[in-house]
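This report refers to the structure that appears directly beneath it.
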Amino acid sequence: QVHLVESGGGLVQAGDSLRLSCEASGTFGDFKMGWFRQAPGKEREFVASISWKLRTTYYSDSVQGRFTVAKDNAISKVYLQMNSLKPEDTAVYYCALTWRPEYYSARGRVDYDYWGQGTQVTVSS
């Protein structure tokens with residue numbers, strides 16, 4: 001059974017940076033790990049993802065150029081480096097994992113099989 005644990009959330013000011021981490025246990029073979037976020041009163045939305053085999057990355061338009069997703073080569077762990085944070089980035093950030101193949105972008109919530117509990121990111125203006 002796959003288990004995901006996020007960490008690194010916190011309270012920051014607009015323009016600051018923050019790095020989130022997600023460690024997965026029970027993984028094997030090829031898979032993708034992604035980040036989603038959910039603000040109060042809004043739907044959970046895709047942020048970024050990375051594949052284990054080829055390190056293919058995808059980003060939502062809202063974070064492109066500001067956020068960077070990366071993986072640890074030794075263990076099943078992903079990072080989300082968030083720069084130039086905006087108040088609009090305030091949300092609970094979730095780590096997720098999917099077994100979908102490399103060629104599939106997997107940007108939808110329903111594409112993912114496992115989810116972490118989330119970590120709160122608050123950006124003040």
So do the side chains of Leu97 and Thr27 get within less than 4.5 Å of each other, counting heavy atoms only? yes
Are Phe28 and Met33 linked, directly or through other ILVMFWY residues, by side chains that come within less than 4.5 angstrom of each other? yes
Examine Val69 and Tyr79 and state if one hydrophobic cluster contains both, with Ile, Leu, Val, Met, Phe, Trp and Tyr joined whenever side-chain heavy atoms are less than 4.5 Å apart. no
Non-hydrogen atoms of Cys95 and Glu6 that approach each other most closely: N-OE2, 2.8 Å
Within a strict 4.5 Å, meaning less than it, do heavy atoms of the Arg107 and Ser49 side chains meet? no
Taking all heavy atoms of Pro87 and all of Ser125, pick out the closest pair and write down the distance. CG-CB, 3.9 Å
Cluster companions of Tyr58 among Ile, Leu, Val, Met, Phe, Trp, Tyr (side-chain spacing under 4.5 Å): Phe36, Phe46, Val92, Tyr94, Tyr112, Trp115
From Asn73 atom CG to Arg55 atom CZ, the distance as rounded to the nearest 0.5 Å: 4.5 Å
Kindly work out whether a path of hydrophobic side-chain contacts (I/L/V/M/F/W/Y, heavy atoms less than 4.5 Å apart) joins Trp52 to Leu4. yes
Starting at OG of Ser62, measure out to NZ of Lys86 and round the result to the nearest 0.5 Å. 8.5 Å
State whether the side chain of Gln117 and the backbone N or O of Val5 hold a donor-acceptor pair below 3.5 Å, judged by distance alone. no
Kindly give the heavy-atom pair with the smallest separation between Leu20 and Gly9, and that separation in Å. CD2-N, 3.5 Å
To the closest 0.5 Å, what do you measure between NZ (Lys71) and OG1 (Thr57)? 12.5 Å
Quick one: do Trp35 and Val63 satisfy side-chain contact (heavy atoms from CB on, under 4.5 Å)? Show the steps, please. CA-CA 11 Å; Trp35 290 96; Val63 306; over 6 Å; no
So Leu85 and Leu18, side-chain contact (heavy atoms from CB on, under 4.5 Å) or not? Walk me through it. CA-CA 8 Å; Leu85 284 163; Leu18 199 62; 3.8 Å; yes
Is Thr98 reaching over with its side chain to a backbone N or O of Asp111, donor-acceptor style, under 3.5 angstrom? yes
About how many Å separate CD of Gln13 and OG of Ser124, when rounded to the nearest 0.5 Å? 5.0 Å
Side chains of Glu23 and Ser21: donor-acceptor distance under 3.5 Å anywhere? no
Minimum heavy-atom distance between Val47 and Leu80, given as atom pair plus value: CG1-CD2, 4.2 Å
What heavy-atom pair brings Lys32 and Ala106 nearest, and what distance separates the two atoms? CD-CB, 4.0 Å
Got a donor-acceptor contact below 3.5 angstrom from the Ser51 side chain to the Thr56 backbone? yes
To the nearest 0.5 angstrom, please state how far the CE atom of Met82 sits from the CZ atom of Arg37. 9.0 Å
Electrostatic pair Asp30:Lys53 at N-O distance under 4.0 angstrom: no
Charged N to carboxylate O below 4.0 Å: is that the case for Arg66 and Asp89? yes
Using modelled atom types and a 3.5 Å cut-off, is there a donor and acceptor pairing between side-chain atoms of Thr119 and backbone atoms of Tyr93? no
Quick one, Phe67 and Ser60 - any side-chain contact, counting heavy atoms below 4.5 Å? no
